[in-house]
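Report on the structure given below.
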Number of protein chains: 2
Amino acid sequence: MSLRHAILVLLQDQEASGYDLAREFANSIGLVWNATHQQIYLELGKLNEQHMVSFRHVPQEGKPDKKLYSITEDGRQELIRWLKKPAGPARIRDAFMVKVAGGQLADSGALLGELEQLSKQRRERLATFEALAQRLDEQGREENLYSYLTVRRGILDQRAWLQWAEEVRQALEHASVGLPTS
Amino acid sequence: MSLRHAILVLLQDQEASGYDLAREFANSIGLVWNATHQQIYLELGKLNEQHMVSFRHVPQEGKPDKKLYSITEDGRQELIRWLKKPAGPARIRDAFMVKVAGGQLADSGALLGELEQLSKQRRERLATFEALAQRLDEQGREENLYSYLTVRRGILDQRAWLQWAEEVRQALEHASVGLPTS
DNA sequence: GCTTCCATGTAATATGTTACATGATTAA
DNA sequence: TTAATCATGTAACATATTACATGGAAGC
């Protein structure tokens, strides 16, 4: 279980609300670890009980109040402890890839459509990451080293995916000329 | 939930035991979807109850008996149905990446060591995939199109990871010259 | 004698997802 | 007026992990 550690890493840089964290998980860090707001609120509750984070209430006008969480010394110690032990294997669940693997039974047209849609998302992500990387670079790569490296991973990942998508597109278009789909 | 669909895709090609499937999940398909033997046995049980797979007992000498599962017409229909609806978003849990993101608190030396170890694994995987791709290509890429594309994904993915690892290695080695680790 | 491979499974626990619930504000 | 953003949460359910259990054969 290292959702807690992912949260602690995010809180290292700045205090954040559960909602903020959910946004980060949906965007940048989402490439590496994902979690929904329900999980996050639950985990923040537990972390608070265990004194690894603390929070302060922030009333807002026009918006609901929020709780800004920050990491405590106990939390930092837990993070350090966790960083020392070898990371578990990466896990993935990529339903689209399962579809490609089972592509014989699928409709090539539908698969191509979905591919196009996913490619669009990936291109957008790539642009976001590239912009972020440049910003970090300008601010000083050394100071932001770990964030920079994380973003680089995102960039390389998107590019690899897009390159693969292009191969798939060509293969499927080629295939659907001779063989009628469905 | 599409562990069941991943299993059905694998059973499309050939009948297999739970043990065989677990091996495939640990290797080739593991890049795309992973599952442990406990999950697989459980899911095979359910799939059997729902008549999506059937099995035959195969007694063996010197080895425990096994159950060879094959996909049924109902199973194939279910797969086709599933292939039509859009795939859910890909999910990942990469603990090592979380570590890199939190790298400020980590020991660079330890991180580098772990990186080296993971790189080795990735290089081995890459070699396996490349050999597989070549074999499929020789046998006729058209016939093995979907397997071929799946393997290509694996190859591009490993390469992207290794390229990133190289960037990280250089950055960390550079960083640990000036700043003493720990 | 120890470990790995083969092969199957159960039970307890931990995690994650989906659905539901609330409620003001802002933009289309 | 419909939807989206902000912000937090509970409850029910589905999925996944860990630990445990068995047992012969093969290789070191």
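On a predicted model such as this, the values are computed, not experimentally measured, just so you know. In the text below, chain A, chain B and the rest are named by the order of the sequence lines, each starting its count at 1.
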Whole-Å distance between D/dT22 C1' and B/Lys63 NZ?
-> 18 Å
Phosphate contact (C/dC6 OP1 or OP2) by B/Tyr19 side-chain N/O below 4.0 Å = yes
Value in whole Å for how far the P atom of C/dT10 lies from CG of B/Leu44 = 12 Å
Using the side-chain contact (heavy atoms from CB on, under 4.5 Å) rule, take B/Gln104 and A/Asp13 through it: C-alpha gap first, then chi angles, then the decisive distance, then the call.
-> CA-CA 10 Å; B/Gln104 302 148 57; A/Asp13 297 323; 3.9 Å; yes
Side chain of A/Lys67 (C-beta onward), nearest among C/dA7, D/dA7, D/dG9 = D/dG9
Distance-only, no hydrogens or angles: does the B/Asp107 side chain make a donor-acceptor pair with backbone N or O of B/Ala110 under 3.5 Å?
-> yes
Please state how far atom CD1 in A/Ile40 lies from atom C1' in D/dA7, giving the value in whole angstrom units.
-> 13 Å
Rounded distance (Å) that lies between atom P of D/dC6 and atom CG of A/Leu68 = 14 Å
May I have the distance from B/Arg56 (atom CZ) to C/dT8 (atom P), rounded to whole angstrom?
-> 13 Å
Atom-pair distance (CD on A/Glu24; P on D/dC6), nearest Å = 13 Å
What's the NZ-P distance between A/Lys46 and D/dG9, to the nearest Å?
-> 14 Å
So do the side chains of A/His5 and B/Lys99 get within less than 4.5 Å of each other, counting heavy atoms only?
-> no
Let me know the distance between OH of A/Tyr69 and P of D/dA7, rounded to the nearest Å.
-> 14 Å
Between B/Asp20 and B/Leu42, the residue closer to the 5' end of DNA chain C by nearest nucleotide is B/Asp20
Judged by modelled atom types alone, do B/Glu130 and B/Gln134 share a side-chain donor-acceptor pair under 3.5 Å?
-> no
Below 4.0 angstrom, N of the basic side chain to O of the carboxylate: do A/Glu73 and A/Arg76 qualify?
-> yes
Short side-chain N/O contact from B/Tyr41 to OP1 or OP2 of C/dT8, under 4.0 Å | yes
Does atom CD of B/Gln117 have more than 12 heavy-atom neighbours, drawn from other residues, nucleotides or ligands, at distances under 6.0 Å?
-> no
Could you list all the ring pair (Phe, Tyr, Trp, His ring centres under 6.0 Å) pairs where at least one residue sits in residues 87-127 of chain B, not counting sequence neighbours?
-> none
Under a 4.0 Å N-O cut-off, is there an ion pair linking A/Arg123 with A/Glu116?
-> yes
Strictly under 3.5 Å: I want the nitrogen or oxygen pairs between protein and nucleotides 17-20 of chain C, one per line.
from	atom 1	to	atom 2	distance (Å)
C/dT17	OP1	B/Arg91	NH1	3.1
C/dT17	OP2	A/Gln39	OE1	2.9
C/dA19	N6	A/Gln38	NE2	3.2

Only residue of B/His174, B/Glu167, B/Glu166, B/Glu173 satisfying side-chain hydrogen bond (donor to acceptor under 3.5 Å, both in side chains) with B/Gln170 is B/Glu166
Could you give the angle between the helix axes at the two ends of the helix from C/dG1-D/dC28 to C/dA28-D/dT1, with five pairs per end, rounded to 10 degrees?
-> 50°
Would you say D/dC6 has OP1 or OP2 under 4.0 Å from some side-chain N or O of A/Ser17?
-> no
